[in-house]
Amino acid sequence: MSTAVRQPAAAPAVRKPATMGQALRRALRDAMADDPDVHVFGEDVGTLGGVFRVTDGLAAEFGPDRCTDTPLAEAGILGTAVGMAMYGLRPVVEMQFDAFAYPGFEQLVSHVSRMRNRTRGGMPMPMTIRVPYGGGIGGVEHHSDSSEAYYMATPGLHVVTPATVADAYGLLRAAIASDDPVVFLEPKRLYWSKADWDPEQPEPVPGVGRAVVRRRGSSATLITYGPSVPVCLEAAEGAREDGAEGWDLEVIDLRSLVPFDEETVAASVRRTGRAVVVHESPGFAGPGGEIAARITERCFHYLEAPVLRVAGFDIPYPPPMLEQHHLPGVDRILDAVARLQWESGFTEHVGVGEGRRGGAV
Amino acid sequence: MSTAVRQPAAAPAVRKPATMGQALRRALRDAMADDPDVHVFGEDVGTLGGVFRVTDGLAAEFGPDRCTDTPLAEAGILGTAVGMAMYGLRPVVEMQFDAFAYPGFEQLVSHVSRMRNRTRGGMPMPMTIRVPYGGGIGGVEHHSDSSEAYYMATPGLHVVTPATVADAYGLLRAAIASDDPVVFLEPKRLYWSKADWDPEQPEPVPGVGRAVVRRRGSSATLITYGPSVPVCLEAAEGAREDGAEGWDLEVIDLRSLVPFDEETVAASVRRTGRAVVVHESPGFAGPGGEIAARITERCFHYLEAPVLRVAGFDIPYPPPMLEQHHLPGVDRILDAVARLQWESGFTEHVGVGEGRRGGAV
Amino acid sequence: MTVLEQPGAYAPAPPPSWRPRTDAAPLLPDAEPYRVLGTPSGDREAAEPDAGLLRRLYAAVVHGRRFNEQATALTRQGRLAVYPSSRGQEACQVAAALALREQDWLFPSYRDTLAAVARGLDPVEVLSLLRGDWHHGYDSPATRVAPLCTPLATQLPHAVGLAHAARLKGDEVAALALVGDGGSSEGDFHEALNFAAVWQAPVVFLVQNNGFAISVPLAKQTAAPSLAHKGVGYGMPGRLVDGNDAVAVHEVLCEALARARSGGGPTLVEAVTYRLEAHTNADDATRYRTDSEVEAWRAHDPVTLLERELRSRGLLDEKAVQEAEEAAEEQAARLRERMHQDPPLDPAQLFAHVYAEPTPQLRDQADQLRAELAAGEETR
Amino acid sequence: MTVLEQPGAYAPAPPPSWRPRTDAAPLLPDAEPYRVLGTPSGDREAAEPDAGLLRRLYAAVVHGRRFNEQATALTRQGRLAVYPSSRGQEACQVAAALALREQDWLFPSYRDTLAAVARGLDPVEVLSLLRGDWHHGYDSPATRVAPLCTPLATQLPHAVGLAHAARLKGDEVAALALVGDGGSSEGDFHEALNFAAVWQAPVVFLVQNNGFAISVPLAKQTAAPSLAHKGVGYGMPGRLVDGNDAVAVHEVLCEALARARSGGGPTLVEAVTYRLEAHTNADDATRYRTDSEVEAWRAHDPVTLLERELRSRGLLDEKAVQEAEEAAEEQAARLRERMHQDPPLDPAQLFAHVYAEPTPQLRDQADQLRAELAAGEETR
Ligand SMILES: Cc1ncc(C[n+]2csc(CCOP(=O)(O)OP(=O)(O)O)c2C)c(N)n1
Ligand SMILES: Cc1ncc(C[n+]2csc(CCOP(=O)(O)OP(=O)(O)O)c2C)c(N)n1
Ligand SMILES: [Mg+2]
Ligand SMILES: [Mg+2]
């Protein structure tokens, strides 16, 4: 059950452009077809197919008992999902937007994440909690939060987020197949991102918990995930022309924040000697702190410069007309790369990041 | 209003042993006496005086409209507090235990922390949210969480925690006087800690946001807060006799996690060149990650070793009979200090923390 | 001690602390929604609605209808990020605004732009959230209208707290909190109503039951006889009213607000209405409901109902209708014009109000952004 | 389009979608709590309770009383971290357990140790949470008793989800969820009852209204006529029962569970009872209630009520009483003895069940602790 990712029969690959939203929908469909215990429910997931249409067609195909519109109550959704998992089902629930998962926080922290531990394995929680997250879509207040820091700080949860169409499928299948609760963060602004992808021969992902190097490079490592992956790749392209002699940046897509793939990250940073962590969520007490601290613990003597962070500001997510100032963009990432002490000169009495822009990233 | 911490008239100091619980109660009493807009409410805070007796006597002295037993509903408590603050009151609410604040998470994140920003200063939230936190008191499940990581990751909140009797008074007065929402974390196991303290001449604290050096030292800096402060001080005493020639540890009590006093911390670490962050809350994505990353950004070239962390394990808080294994104790802290590369030998190919105990702290 | 030693006779008594705390019957709603418009005046409980009120309500719903149309048009013109229209619910919106006294407070949800506008607020300021220049655009303490609230039902405990605070301060203030049928399923709804009843706070809850929470129909939201039946479970009266009947809604709210102000405690009002348009401009309502259902509701249009009442009472002629529509048209034109101007935007505002005093970290971040923007200017 | 062009006659019709969804009357509780014990049999609706049931209930409440005493004593002996006694509530606890069929599920709160024990679970395993050797000590899937739940009302949606899942799977299973009067104020209570009613899930909610939430009396918790009056707001029947009358509670629960199993939907039952001891051994009840109130309830003791019924019906003589008490004493002695043995503790368990597979980080941490413990052993 736990590893029941369908192995599709070999067939000639038909790779057509698909969006991340379509790949996610296909993952749900295939998981439901493979396992009658998979139940999808949440607000507007049935008849409407979800506000992002990720569950479109599931109620029609599997009936309203397998894909169910619930009353409007997030704690109720997560709490009933706990009970359904207790009875052996594998609930896949949708929180309509990141900020609207907060009413269910107690159920998530006090039960979803702890039930397996509480019952010494007697009552696992094979549950997937889909949360559209992040900004950049012109959403009004409460529609663009990046709430991953809360989930990462909650032992017992896995936290996963795709950045590509193929990973959207593979990771969601892996999440649903996992016998543990997985908070599955869907980058809103990548729902419409496209790639050539064959739904009949989806690439498998190596389970939950493995990072992937999206771009090889030697000068420095950009460590990122979800919506910031394409931005970092773009920055890496830009970096070739930037700087005195151009930088060749490695880009790591974490894919899984919990478990955290230390091996892949440390191996890269030991090679490059420099690293920048990039994410949308506020920097202070955000994912980047953990990642930077962990890299530093493991790679201290390989580091030519402190690990820097480029993150959202430490503010509530801005209104649509100002959000472009908040989101980490190519320029801000390249600025950080430029501050990675390429001259290798040790400045007496002034720590790195001491300067004007020091505290910000 | 915002700085209305009562300046007591000069009188001969009468310093008698007082507990932290008593100092907190006194702070509430004095704040209520000074400002009729201060209202205390929550579960069992009235007639009973709270399960930790911190509000004992307030209902009797100020009446049930100023110190009020509410229905049992944490979102309701925080949500009505928002409305009361909108009308100009200064609510001081109690969450009975750390884990029982979670039902109010949405109100806290979506309103308490954002209302000032949303209304461009038009509707400030001068609110204090008292949360008894942490373990070591033999509490059964859900009674010993350390939830500070959640609050730190929420822009718009201040996060404060006392470690001494005097600070308990001073910080709580400062929190109530603040025009911003303050999550005031009370270390449960220090409620009964004692110190000589004169309630008629309480030492002022320099507002919210300033760390304090509790012990001067030159070998390395322990950075900590709340319940771990006494443990770190004990470790520092132990360290004198430990190691080859003994270590002279500096101990910083952060007092405020938000705002974070970078100056005090960075100044110390630049002097000592080595640092360990100590806290009870789980290490992964916990406060220590932010603190270590921030120190490294600012003090990189002063560091003789990576900043290490000694924290609770990445597990749900254990049952009473096993909690001593989880809590960062003197030995675990001294172990970490011992790993601060005193020999200063750079080990090729093996990053610090690579060894057996690497990932744990 | 064994139970045998227990003293006392075997008295067939009820449990000692059992006392019904209130009489349930008066808290229950009537079987049918209360209506005024179209009912013979002999059948009515209350006095004939006064002509002045009818005229004010009429002018406001005509304006409200036009306002909803204009706002929806602004989404197509890229001038609003999103607009949740209250077309079909104008009677509730307008009655809510007009039932309030100067000192009372309104707690609107994201759909209640029109209620705020009908209260007299500047529509451009009210639309700030939905335009996206800021999260909130008007002066809440001055207008006594709380910010339009997006997280469902979370505004309800705010209304309770504010009303309770006002009462503690001795002010004769009532709060009116608006929520949808979907919002009534949230825990915050429950906690707010319970606090209100226990505290006897001067607050009135108006549930606009428009039949849907986005795509989810009421039957999937609740199995209750009516949402107004929830009142008795908190010990407050539940009232059911035809939400397309502006006069009825106004009357019921005025009565409840008066009771609240005089210390009589909270009321739950369910107004049965319908959202004639999609959830927002971004929604496709054809996915979840039929045209015939919408048509049936068009025949019960709140604007038409009111217009016919006025006409039948000789309070409205062709000329007055035209005047009302011209006035609405004029206001719409002014709104359109103003909304076509770009709002002033200042990125520094991102950092200015997170705290009373920015933290050192925020000051650094503000500096960083300023520097970036300056650098951007230079290279341009 | 102006409203003038709107077609249709000025028909005095109710709003189109208005239909009361259910008849409210049968959902409302009776004015008085339902009682069997001490009421003349002629007045009773149901059949005379059968002798076997009376004897089983009696044995169980006598045992329950003794169990509560023993558990409280264990706190004084340092063998339990804390114990929330259900003394005075034994009728509810025992009736809840006995009303369940084999395949049904029980969802207890932290106060419902006795209900689990009365269901036949090993008391030592049930006390694990309160002893503190682990968070939970029995096999939930095998016993069909969910873990004792500490965060108030959070177990209610679990019960709903499980009951719903069982129904989807075609199993004839009902869930019985216990909660306190205080817990009824939490949002989770509301959301659980609403989901249950909308889904017509086979679940019964038993509110043990023992008058207090720690120190907070019911009057500060709710203004409702009764907690059972909340049922109608969800469209489920609310039943009021004398919670110290084991026979009445048993009967009401059996009926509700049978209805649930047969697809008739959920029921809310309020049992009016009293907590004779403090909230827990750590609490001081004299701070918030009077002796006379407690005394009044002692005169309505659930054990005495049942004993007298049995005696009056000639089902119990001195000898049978003594036997019941000896059996209870024996079980208490066995419990005491077993609880005086230190439980096996293995620190490695801290890491073993956080995930199905420990993360690399957790494996490192487990290694670290193992090394520390080994080092500790060495130095000893
Ligand atoms: C806590 C929360 N969950 C989900 C949402 C997303 N959402 C926005 S509007 C809406 C439907 C609300 O329906 P209803 O309360 O009936 O109000 P209406 O839109 O009909 O006015 C939903 C689910 C939200 N805003 N807040
Ligand atoms: C969510 C939550 N908030 C607060 C508490 C702390 N607490 C434990 S028991 C209790 C009182 C519960 O009263 P009631 O529901 O009436 O149950 P009783 O104890 O009377 O059985 C409180 C406030 C908790 N356990 N969970
Ligand atoms: Mg609606
Ligand atoms: Mg109780």
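Below, read A as the first sequence line, B as the second, and so on, with proteins coming before strands; counting in each chain starts at 1. Hydrogens, waters and symmetry mates play no part in the numbers below; they use all other heavy atoms, side chains included.
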Exercise for the section: Using atom types as modelled and distance alone, determine if a side-chain donor or acceptor of D:Q361 lies under 3.5 Å from a backbone N or O of A:P259. Expected result: no
Exercise for the section: Please tell me if the side chains of D:Y355 and A:V258 come closer than 4.5 Å, counting only heavy atoms from C-beta onward. Expected result: yes
Problem - Smallest separation among heavy atoms of D:P141 and A:G122, with atom names - result: CG-O, 3.6 Å
Exercise for the section: Verify the distance criterion only: is there a donor paired with an acceptor across the side chains of D:Q155 and A:H111 at less than 3.5 Å? Expected result: no
Completion exercise
Per-residue tally against chain A (heavy atom, under 4.5 Å) across D:T359, D:V198, D:L168 peaks at D:L168
Handout entry: Taking every non-hydrogen atom, the tightest pair across D:L350 and A:N117
Key = O-OD1, 4.1 Å
Problem - Among D:V160, D:D139, D:D188, residue most engaged with chain A (heavy-atom pairs, under 4.5 Å) - result: D:D188
Handout entry: Gap between atom CZ of A:R114 and atom NE2 of D:H136 - 0.5 Å precision
Key = 15.5 Å
Practice task
For D:A165 and A:L89, work out which heavy atoms get closest and say how close.
Solution key: CB-CD1, 3.6 Å
Exercise for the section: Select one option (side chain, backbone, both, neither) describing which atoms of A:P71 are under 4.5 Å from chain D's heavy atoms. Expected result: both
Exercise for the section: Using a strict 4.0 Å threshold on nitrogen-to-oxygen distance, state whether A:D37 and D:K169 make a salt bridge. Expected result: yes
Handout entry: D:P157 to A:G76 - nearest heavy-atom pair and separation
Key = CB-O, 4.5 Å
Practice task
Work out which heavy atom in A:M115 is nearest to a heavy atom in D:P147; give both atom names and the distance.
Solution key: SD-CG, 4.1 Å
Exercise for the section: Return yes when atom CD of D:E125 has more than 12 non-hydrogen atoms of other residues, nucleotides or ligands closer than 6.0 Å, and no otherwise. Expected result: yes
Handout entry: Engaged part of A:M125 at the chain D interface, taking heavy atoms whose separation is under 4.5 Å
Key = neither
Problem - Engaged part of A:I77 at the chain D interface, taking heavy atoms whose separation is under 4.5 Å - result: both
Handout entry: chain D contact via A:D65 - side chain, backbone, both or neither, heavy atoms under 4.5 Å
Key = both
Completion exercise
So, the part of A:T119 with a heavy atom under 4.5 Å from chain D: the answer is both
Problem - Residue D:A166 versus chain A: region with a heavy atom under 4.5 Å - result: both
Fill in the blank from the handout: The interface call for D:F107 against chain A, heavy-atom contacts under 4.5 Å, is side chain
Completion exercise
Most contact-rich option vs chain A, by heavy-atom pairs under 4.5 angstrom, among D:T154, D:T150, D:V354, D:L156, is D:T154
Practice task
Could you grab the distance from atom NE2 of D:H353 to atom CZ of A:R120, nearest 0.5 Å is fine?
Solution key: 7.0 Å
Completion exercise
Answer key: most heavy-atom pairs under 4.5 Å with chain D among A:M86, A:E74, A:H39 is A:M86
Handout entry: Part of A:A75 within contact of chain D (heavy atom distance under 4.5 Å)
Key = both
Problem - Any side-chain heavy-atom pair of A:R118 and D:L129 under 4.5 Å - result: no
